[in-house]
**Q** 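Quick one: the structure is below, questions incoming.
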There are 2 protein chains.
Amino acid sequence: MERTLKVLDGKWTTLIVRELLSGPKRFGELRTALGSPSAKTLTDRLRALEHQRILTRTVHAEVPPRVVYRLTEQGESLSEVLYAMLRWGEEHPPAEG
Amino acid sequence: MERTLKVLDGKWTTLIVRELLSGPKRFGELRTALGSPSAKTLTDRLRALEHQRILTRTVHAEVPPRVVYRLTEQGESLSEVLYAMLRWGEEHPPAEG
DNA sequence: CCGTATCCCGGAGGATACTG
DNA sequence: CAGTATCCTCCGGGATACGG
């Protein structure tokens with residue numbers, strides 16, 4: 001469990017993975033979809049996920065540059081965890097004051 | 001999903017829930033089992049979980065005092081999420097350097 | 001035993017300016 | 001477009017001392 005908690009650590013990490021479950025996305029697409037975290041923060045999280053082999057980073061040599069992030073097989077397997085989270089959240093709305 | 005992320009937020013929260021899945025525990029038992037987080041931190045997290053109806057806090061009027069934390073039905077239902085985390089962690093060990 | 005009250009620190013994350 | 005480079009803020013969490 002500690003392993004999973006470490007991989008999904010950080011304010012944006014889980015949301016990044018969720019976003020990529022619907023297919024590879026560019027840096028800018030991710031920023032917009034997530035609600036515009038700072039570029040620094042997004043870069044930091046993406047690099048961490050890359051080092052943990054959760055996603056791959058592909059730079060296309062074009063002008064302007066195009067950088068695509070794609071989940072690895074390991075990354076996609078996190079869908080099991082995210083789906084459990086989704087289910088729980090749907091079935092247990094916040095308590096009233 | 002945001003709901004689940006909010007409930008499980010914090011360095012110790014998920015581990016607290018895991019610990020309580022094996023049955024109600026006292027404050028001191030939790031501290032020991034978790035590896036001695038500070039009393040302040042543990043109290044903060046337990047209070048947050050209590051407000052979110054994930055667990056209940058029962059004070060037994062004895063000397064010395066005995067305070068027992070027990071998962072609610074909602075809290076126990078988080079086992080689905082934690083189990084998915086456990087499974088993923090077991091099946092995907094850390095990548096080599 | 002189970003906290004509360006203070007004080008403190010590191011580091012995640014944001015704001016802004018700049019670059020290949 | 002997709003970052004880097006800097007600087008800064010905020011606050012979760014730890015350390016310590018004390019209280020019911």
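Because the structure is predicted, anything quoted here is derived from the model rather than measured. Atoms considered below: every heavy atom in the structure, side chains included; atoms not considered: hydrogens, waters and symmetry mates.
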**Q** Atom CG of Leu46(A) and atom C1' of dG13(C): how far apart are they, to the nearest Å?
**A** 14 Å
**Q** Roughly how many Å is it from NZ in Lys25(A) to C1' in dC1(D), rounded to a whole number?
**A** 18 Å
**Q** Identify every side-chain donor-acceptor pair in residues 41-50 of chain A under 3.5 Å, counting partners at least two apart or on other chains, and give the distances.
**A**
from: Thr41(A); atom 1: OG1; to: Ser38(A); atom 2: OG; distance (Å): 2.8
from: Thr43(A); atom 1: OG1; to: Ala39(A); atom 2: O; distance (Å): 2.8
from: Asp44(A); atom 1: OD2; to: Lys40(A); atom 2: NZ; distance (Å): 3.4

**Q** Considering just the side-chain nitrogens and oxygens of Arg31(B), establish if one lies under 4.0 Å of OP1 or OP2 belonging to dG3(C).
**A** no
**Q** Nearest whole Å is fine: how far is dC2(C) C1' from Glu50(B) CD?
**A** 14 Å
**Q** Rounded to whole Å, how long is the line connecting atom OH of Tyr69(A) with atom P of dC1(D)?
**A** 15 Å
**Q** Without decimals, in angstroms, what is the distance between Leu34(A) CG and dA12(C) C1'?
**A**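 The distance from CG of Leu34(A) to C1' of dA12(C) comes to 16 Å, rounded to the nearest Å.
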**Q** Got Tyr69(B) and Ile16(B) here, is their nearest side-chain heavy-atom distance under 4.5 Å?
**A**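 Tyr69(B) does not reach Ile16(B) side chain to side chain.
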**Q** Partners of Leu5(A) by side chain to side chain contact (heavy atoms under 4.5 Å, CB included), sequence neighbours excluded?
**A** Met1(A), Thr14(B), Leu15(B), Met85(B)
**Q** Can you find a pair of side-chain heavy atoms, one from Arg3(A) and one from Pro94(B), that are under 4.5 Å apart?
**A** yes
**Q** Below 4.0 angstrom from OP1 or OP2 of dG3(D), is there any side-chain N or O of Arg57(A)?
**A** yes
**Q** List, one per line, each side-chain donor-acceptor pair under 3.5 Å for residues 19-27 of chain A, sequence neighbours excluded.
**A**
from: Ser22(A); atom 1: OG; to: Glu19(A); atom 2: O; distance (Å): 2.9
from: Ser22(A); atom 1: OG; to: Lys25(A); atom 2: NZ; distance (Å): 3.0
from: Lys25(A); atom 1: NZ; to: Glu19(A); atom 2: O; distance (Å): 3.3

**Q** Can you pull the salt bridge (charged side-chain N to carboxylate O under 4.0 Å, His left out) pairs that have at least one residue in residues 70-94 of chain B, sequence neighbours excluded?
**A** Arg87(B)-Glu91(B)
**Q** Just by protein heavy atoms under 4.0 Å, how would nucleotides 6-20 of chain D read 5' to 3' in B, S and -?
**A** B------BBB----B
**Q** Expressed as a whole number of angstroms, how long is the span from Phe27(B):CZ to dC1(C):P?
**A**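 Phe27(B) atom CZ is separated from dC1(C) atom P by 12 Å.
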**Q** OP1 or OP2 of dC2(C) versus the side-chain N and O atoms of Arg26(B): is any pair under 4.0 Å?
**A** yes
**Q** Which heavy atom of Leu82(B) sits nearest a heavy atom of Val17(B), and at what distance?
**A** CD1-CG1, 4.0 Å
**Q** Take the C1' atoms of the five end pairs on each side of the helix from dC1(C)-dG20(D) to dG20(C)-dC1(D), get both axes, and report the angle to 10 degrees.
**A**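 Rounded value for the end-axis angle: 50°.
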**Q** Is the closest side-chain heavy-atom distance between Leu8(B) and Leu78(B) below 4.5 Å?
**A**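 Leu8(B) vs Leu78(B): side chains touch.
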**Q** Below the 4.0 Å mark, does dT4(D) have OP1 or OP2 next to a side-chain nitrogen or oxygen of Arg47(A)?
**A**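 Looking at the OP1 and OP2 atoms of dT4(D), one of them is under 4.0 Å from a side-chain N or O of Arg47(A).
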**Q** Is there a side-chain contact between Arg18(A) and Tyr83(A), using heavy atoms and a 4.5 Å cut-off?
**A**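 Side chain of Arg18(A) against side chain of Tyr83(A), heavy atoms only: no contact under 4.5 Å found.
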